[in-house]
Amino acid sequence: MKVVIVKYNAGNVQSVRFALERLGVQAAWTDDPEEIRQADRVIFPGVGEASSAMEYLNATGLSKVIAGLSQPVLGICLGLQLFCKHSEEGNTDCLNIVDVQVRKFQSVKTLKVPHIGWNTVENLQGPLFKGIEPDTRFYFVHSFYAEASPFTTASTEYGLNFSAAMQRDNFFAVQFHPEKSGPAGSLLLQNFLSL
């Protein structure tokens, strides 16, 4: 199986590669459109800022490549947000794979922004969560969130209810970091690879 991690203007790739290696998978890290199109599985991770990431994706043509993929694709963190229609971060038009808005968490006395740490993920639906117990905790680091929508396949509460995971057709996405979420995160990645 050929697994590709999309190389673009966003960080946190190495921890995803290590998590895949622990599952016995050597993933290529590339921005080559043909290599991405020919992969069996594509992972689109990211830690960074939406507008600069989209600027890079549009300038390189990767935005059209990603949106046109037919094999299973997994967006992680910023990857999930870039699958959406629009982000408040930098007032950015995103890939519009899912018709969902990305909003900024509002700071209140009881909740710190960014949302950092372990949080429960509820209402688990779909093949990514096969064998994962309800209310399992995953690791989050983010200041922006995708609104709950018909595409939501798991949710988390942090001052409000937001999409912890989404799916539209062959596009899967999680707001948390499975590569940093211990055994449950490893199982989720294995479930993705097994699709």
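If you're wondering where the values come from, they're calculated on a predicted model, not measured in any experiment. Because only heavy atoms are used, hydrogens play no part in the values below, and waters and symmetry mates are left out as well, while side chains stay in.
The closest donor-acceptor contact from the side chain of Q101 to the backbone of E147 lies at 3.5 Å or more, if one exists at all. Judged by distance alone, with hydrogens and angles left aside, the side-chain atoms of E88 form a donor-acceptor pair with the main-chain N or O of K104 at under 3.5 Å. A donor-acceptor contact shorter than 3.5 Å links the side chain of R168 to the backbone of I97. Checked by atom type and distance alone, the side chain of N170 never pairs as donor or acceptor with a backbone atom of P72 at under 3.5 Å. Side-chain atoms of E179 never come within 3.5 Å of backbone atoms of A19 as a donor-acceptor pair (strictly under, hydrogens ignored). Here the side chain of R137 pairs a donor or acceptor atom with the backbone of W118 at under 3.5 angstrom. In this structure a side-chain-to-backbone donor-acceptor pair under 3.5 Å is missing from T136 to I132.
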In sequence, state the C-alpha distance, the side-chain angles, and the governing distance for N58 and S63, and then conclude on side chain to side chain donor-acceptor pair (under 3.5 Å).
CA-CA 5 Å; N58 288 330; S63 54; 2.9 Å; yes
Take F162 and H142 through the test ring pair (Phe, Tyr, Trp, His ring centres under 6.0 Å) and record every step on the way to the result.
CA-CA 12 Å; F162 67 89; H142 61 124; 5.2 Å; yes
I'd like to know whether H115 forms a ring pair (Phe, Tyr, Trp, His ring centres under 6.0 Å) with Y145, so could you lay out the CA-CA distance, the side-chain angles of the two residues, the decisive distance to 0.1 Å, and finally the verdict.
CA-CA 10 Å; H115 171 212; Y145 65 91; over 10 Å; no
Determine whether Y56 and L62 satisfy the following criterion, side chain to side chain contact (heavy atoms under 4.5 Å, CB included), listing intermediate values before the conclusion.
CA-CA 8 Å; Y56 180 85; L62 285 175; 4.3 Å; yes
Take V6 and I43, measure what side chain to side chain contact (heavy atoms under 4.5 Å, CB included) needs, and give me the verdict at the end.
CA-CA 6 Å; V6 178; I43 299 179; over 6 Å; no
Run the side chain to side chain contact (heavy atoms under 4.5 Å, CB included) check on F129 and L188 step by step: do they pass?
CA-CA 6 Å; F129 295 102; L188 185 140; 3.7 Å; yes
In sequence, state the C-alpha distance, the side-chain angles, and the governing distance for E35 and K2, and then conclude on side chain to side chain contact (heavy atoms under 4.5 Å, CB included).
CA-CA 9 Å; E35 198 171 353; K2 182 176 181 182; 3.1 Å; yes
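Annotation: the span from F172 atom CZ to F192 atom CZ amounts to 7.5 Å, rounded to 0.5 Å. Considering OG of S143 and CD of E89, their distance stands at 7.5 Å, rounded to 0.5 Å. A distance of 8.5 Å separates CZ of F171 from OG of S70, quoted to the nearest 0.5 Å. Atom CG of residue L69 and atom CG of residue D169 lie 12.5 Å apart, to the nearest 0.5 angstrom. Taken to the nearest 0.5 Å, the CG atom of N123 stands 9.5 Å off from the OG1 atom of T152. Note that CD1 of I76 is 6.0 Å distant from CG of L189, once rounded to the nearest 0.5 Å.
Using a 4.5 Å cut-off between side-chain heavy atoms of Ile, Leu, Val, Met, Phe, Trp and Tyr, with links allowed through other members, I5 and V42 fall into different hydrophobic clusters. By the rule that hydrophobic residues join a cluster once side-chain heavy atoms approach within less than 4.5 Å of another member, L95 and V65 end up as members of one cluster. The cluster map of Ile, Leu, Val, Met, Phe, Trp and Tyr, joined by side-chain heavy atoms under 4.5 Å apart, puts L128 and L23 in the same cluster. M166 is not connected to L124 by any chain of hydrophobic side-chain contacts under 4.5 Å among Ile, Leu, Val, Met, Phe, Trp and Tyr, and they are in different clusters. Put simply, F140 and F105 are part of the same group of oily side chains (I, L, V, M, F, W, Y) that touch within less than 4.5 Å, one to the next.
Screening residues 31-53 for ring pair (Phe, Tyr, Trp, His ring centres under 6.0 Å), with sequence neighbours left out, gives Y8-F44, F44-F83.
Residue-environment remark: NZ (K180) exceeds the threshold of 12 foreign heavy atoms within 6.0 Å. Counting heavy-atom neighbours within 6.0 Å of Q71 CD, excluding the residue itself, gives a total above 12. Shown here is K64, whose NZ atom has no more than 12 heavy atoms of other residues, nucleotides or ligands within 6.0 Å.
Every residue two or more places apart in sequence or in another chain was checked for a ring pair (Phe, Tyr, Trp, His ring centres under 6.0 Å) with F151, and none qualifies. Contacts of S51 classified as side chain to side chain contact (heavy atoms under 4.5 Å, CB included), with partners at least two apart in sequence or in another chain: E49, T92.
Pairing each heavy atom of T30 with each of I36, the nearest pair is O-CD1, 3.9 Å. Heavy-atom minimum distance, A53 versus L82: CB-CD1, 3.9 Å. Shown here for A27 and R17, the closest heavy-atom pair between the two residues is O-NH2, 3.6 Å. Contact between V3 and L193 at its shortest, heavy atoms only, is CG2-CD2, 3.8 Å. Nearest heavy atoms, L80 versus A164: CD1-O, 4.4 Å. The shortest heavy-atom contact between V102 and Q81 is CG2-O, 3.7 Å.
At a cut-off of 3.5 Å, with distance as the only test, no side-chain donor of S155 or E122 sits close to an acceptor on the other residue. For N91 and H86, the side-chain atoms include at least one donor-acceptor pair closer than 3.5 Å. When only modelled atom types and interatomic distance are considered, Q167 and Q125 share no side-chain donor-acceptor pair under 3.5 Å. Of the N and O atoms on the side chains of N119 and T156, not one donor lies less than 3.5 Å from an acceptor on the other residue.
Taking the six-membered ring for Trp and the full ring otherwise, Y139 and F176 have centroids separated by 6.0 Å or more.
V141 is not listed as a side-chain neighbour of V47, based on a closest heavy-atom distance of 4.5 Å or more. A heavy-atom distance below 4.5 Å is found between the side chains of P178 and V174. At least one side-chain heavy atom of C77 sits under 4.5 Å from a side-chain heavy atom of Q175.
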